[in-house]
Number of protein chains: 2
Amino acid sequence: MSEKVTSLQVAERAGVSQSAVSRYFTPGGSVSKATAAKVKKAAEELGYRPNVLARAMVSGRSRIIGLVIADLKNQFYPMALELLSRALQERDYQVLVFFAENSTESVEPVVQRLLDYQVDGIITASVAVSNHLTERCTAAGIPVVMFNRGQDDARLSSVTTDNVAGGRMAANFLVGGGHARIAHIAGWQGATTGRDRTLGFVEGLRDLGHEMVAMEDAMYDRDRAAEIARTMFSGADRPDAVFVGNDYMALSVMDVLRFELGLSIPDDVSVLGYDDVPLADWPTYQLTTIRQPVNRMVTATVDTLLDRIEGDIEPRQILISGSLKIRASARRPKGFTA
Amino acid sequence: MSEKVTSLQVAERAGVSQSAVSRYFTPGGSVSKATAAKVKKAAEELGYRPNVLARAMVSGRSRIIGLVIADLKNQFYPMALELLSRALQERDYQVLVFFAENSTESVEPVVQRLLDYQVDGIITASVAVSNHLTERCTAAGIPVVMFNRGQDDARLSSVTTDNVAGGRMAANFLVGGGHARIAHIAGWQGATTGRDRTLGFVEGLRDLGHEMVAMEDAMYDRDRAAEIARTMFSGADRPDAVFVGNDYMALSVMDVLRFELGLSIPDDVSVLGYDDVPLADWPTYQLTTIRQPVNRMVTATVDTLLDRIEGDIEPRQILISGSLKIRASARRPKGFTA
DNA sequence: GCGCGCTTTGCAAGCGATTGCAAGGTCAAT
DNA sequence: ATTGACCTTGCAATCGCTTGCAAAGCGCGC
């Protein structure tokens with residue numbers, strides 16, 4: 001039934017050798033105008049297209065990029081996935097997705113399977129990679145770039161925003177806004193993103209002579225963030241500002257503050273997020289946040305990966321600077337115009 | 001550099017033939033306990049794993065499923081993508097994603113590339129497929145199943161909810177709630193989902209002796225929906241209820257009604273959506289909606305696809321029934337308890 | 001000890017392309 | 001007309017595996 005058309009059939013119909021057909025479809029292959037025309041005609045008549053898998057076997061390039069991702073609930077990632085995939089598609093690569101849990105143990109078998117598929121490169125989105133795995137990939141000559149997650153390993157490329165600087169921005173903005181009791185609902189401290197944002201925030205506060213009145217790790221989980229907000233803000237001397245580890249959780253926190261605790265934002269409490277997901281701009285939330293420039297992150301990721309695949313460049317750790325996106329969820333410092 | 005381990009190397013180290021190694025890794029391959037043990041040992045020492053691509057070449061099965069998707073902004077699709085991918089992963093298939101625009105012309109080249117990758121099957125999520133393409137896929141023996149989109153073509157499988165019935169539910173609920181001026185901001189009328197929901201809604205109203213006071217196609221676009229809401233509800237005799245073609249747009253409509261027009265939901269206007277995306281349940285929105293059971297849709301999709309790949313079953317058009325999920329965005333009919 | 005059936009094994013032919021190599025062609029310069 | 005440089009072309013090996021086929025091995029009843 002499945003009438004596969006092969007280069008051989010095209011060759012016969014065109015009256016040329018099979019290699020000629022192959023050459024016609026290989027960029028830079030040496031074919032005369034005449035043969036090219038014959039092959040083109042025959043190929044079109046037969047509806048022939050080269051078999052990527054066969055090509056992959058002999059050339060050793062599959063034009064497949066493995067993308068490991070933990071979850072799509074946080075609105076930042078669907079966006080990243082779409083942009084990454086589209087950017088790669090434009091460069092004639094395709095993305096093979098693999099879902100993992102957010103633990104190194106669960107990533108291990110997933111990456112194994114990735115390698116089975118002979119991917120040309122791997123992007124991990126918000127997922128950490130064990131040393132053992134890094135070795136395997138390095139040994140197999142497959143470049144890895146971590147998207148929105150860092151790791152202290154020179155063999156791994158990574159693209160992140162400057163989370164420490166971002167945390168500092170948050171501190172400056174909240175202190176500048178005249179807040180006295182500043183709290184922090186942190187991103188997962190098991191990830192560099194979470195840790196660095198927290199670190200920058202703490203440092204920033206300290207530099208301005210402030211200290212957090214409360215802090216809790218919500219592990220990038222919506223429900224956990226809500227739970228923490230509930231207890232953190234129910235006491236009498238509740239915080240008057242909170243920096244949340246990412247937007248996804250910040251929105252949850254806003255919901256709790258307004259709908260469960262009846263607080264008003266930003267009059268009673270200022271809320272600051274991190275990421276700038278599309279929802280942050282919706283009228284209901286108008287979340288002030290540290291913006292991660294997804295487009296630039298994606299471009300950097302794709303460039304780094306393809307450079308490493310096509311040339312043999314060294315791994316790069318890229319740091320992109322974020323910026324403060326001011327909306328209405330946090331009191332604005334006097335004279336703050338940026 | 002890239003030290004690929006092949007079955008031949010394993011064979012040598014184990015002191016058996018290369019076929020024996022292959023058989024060991026083929027489920028159902030005939031190998032004695034003794035050889036199995038030798039192969040296992042050698043394979044582990046060398047870190048050998050079969051090359052999926054090479055296997056695909058000879059067996060004709062790549063264990064890759066192509067997923068064509070138009071956009072991830074509507075929160076229904078990230079969810080679907082994740083569930084589909086996880087379900088397939090569990091059955092030892094992987095998903096190769098392809099982004100397309102929502103027009104048949106743009107889908108064409110995308111599916112071409114899919115075929116180049118020798119995928120075993122194709123899932124299209126909310127994307128239509130041209131006849132020409134259907135033919136190519138049928139000719140190549142590659143089953144296609146459309147997720148959340150129907151099409152009148154017996155060669156295509158599809159999984160949708162009963163959108164007509166859903167539209168009727170919406171009509172019943174709004175009429176039952178005592179609304180007099182009922183409007184409709186429709187899903188894209190170029191898609192079966194949009195048309196069917198509208199159709200069911202119109203029929204449902206008519207059966208109850210009602211008629212829409214306004215209707216407009218918002219093409220599943222957030223901004224367009226907002227724009228339409230703005231004009232539709234700014235007149236003096238504005239509607240007192242609106243059924244929106246999906247949740248993604250409904251949330252936008254709610255934002256406009258409340259924040260721009262200062263209307264109160266559901267006191268001034270009742271809003272009804274379709275899908276039941278996670279956001280619909282967030283306290284800010286509490287959107288009453290027609291629920292599409294994603295889990296069941298995904299299971300049905302995966303089952304249909306794999307049945308067709310593995311057996312040689314006929315295409316199936318599966319209709320799953322949705323249900324009304326009552327929250328707070330629409331006035332509830334008296335005595336309505338369900 | 002021989003023959004029969006069943007399982008296990010190895011050989012070798014593909015799967016559909018790419019690519020190095022050498023042969024054949026073309027064309028300009030001599 | 002002859003030569004050499006250069007472009008085209010075809011041959012055949014190769015990528016890493018699966019699988020049909022026939023030979024080998026094994027256990028068992030006679």
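Heavy-atom basis, side chains included; hydrogens, waters and symmetry copies ignored. Protein chains get the first letters and strands the later ones, always in sequence-line order, with residue 1 at the start of each.
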query = Quick one: Tyr24(B) OH to dT9(C) C1', roughly how many Å, whole number?
reply = 17 Å
ask   = What is the nucleic acid contact for Val31(A), judged by heavy atoms within less than 4.0 Å: base, sugar-phosphate only, or nothing?
value = sugar-phosphate
query = Do the non-hydrogen side-chain atoms of Phe98(A) and Leu67(A) ever get within less than 4.5 Å of each other?
reply = no
key: Gap between atom CD of Glu82(A) and atom NZ of Lys73(B) - 0.5 Å precision   = 6.0 Å
Side-chain N,O (Ser32(A)) to OP1/OP2 (dC7(D)) below 4.0 Å = no
message = Under a 3.5 Å cutoff, is there a donor and acceptor pairing between the side chains of Tyr220(A) and Thr193(A)?
response = yes
request  = Could you state the atom-to-atom distance from CZ of Arg63(A) to P of dA17(C) in whole Å?
outcome  = 16 Å
message = Does dG16(D) have OP1 or OP2 under 4.0 Å away from a side-chain N or O of Thr6(B)?
response = no
request  = Rounded to the nearest angstrom, tell me the gap between atom CD in Gln18(B) and atom C1' in dT14(D).
outcome  = 14 Å
query = Quick one: does Arg23(B) reach the base of dG20(D) with a side-chain donor-acceptor pair under 3.5 Å?
reply = yes
note = Separation of dG16(C) atom P from Arg49(A) atom CZ, nearest Å, is 17 Å
inquiry  = Using OP1 and OP2 only, check whether a side-chain N or O of Ser7(B) sits under 4.0 Å from dC17(D).
reply    = yes
task = Using a 4.0 Å heavy-atom cut-off across all strands, classify Val16(A) as base, sugar-phosphate, or nothing.
result = sugar-phosphate
remark   = On a heavy-atom basis, the closest approach of Ala87(B) and Val298(B) is CB-CG1, 4.2 Å
inquiry  = Output the rounded distance in Å from CG (Leu8(B)) to P (dT18(D)).
reply    = 13 Å
ask   = Counting only side-chain N and O atoms of Ser30(A), is one of them less than 4.0 Å from OP1 or OP2 of dT9(D)?
value = no
inquiry  = For Gly15(B) and Ser59(B), find the nucleotide of DNA chain C closest to each by heavy atoms; which residue's nucleotide sits nearer the 5' end?
reply    = Gly15(B)
query = dT18(D) P sits how many Å from Met57(B) CE, rounded?
reply = 12 Å
inquiry  = If you compare every side-chain N and O of Tyr48(A) against the phosphate oxygens of dA17(C) (OP1, OP2), does one of them come in below 4.0 Å?
reply    = yes
ask   = How long is the line joining CZ of Arg55(B) and C1' of dA17(C), in whole Å?
value = 20 Å
query = Do Ser17(A) side-chain and dC11(D) base share a donor-acceptor contact under 3.5 Å?
reply = no
key: Gap between atoms CG and C1', on Leu53(A) and dC15(C) respectively (whole Å)   = 11 Å
key: Donor-acceptor pair between Thr161(A) and Gln292(A) side chains, under 3.5 angstrom   = yes
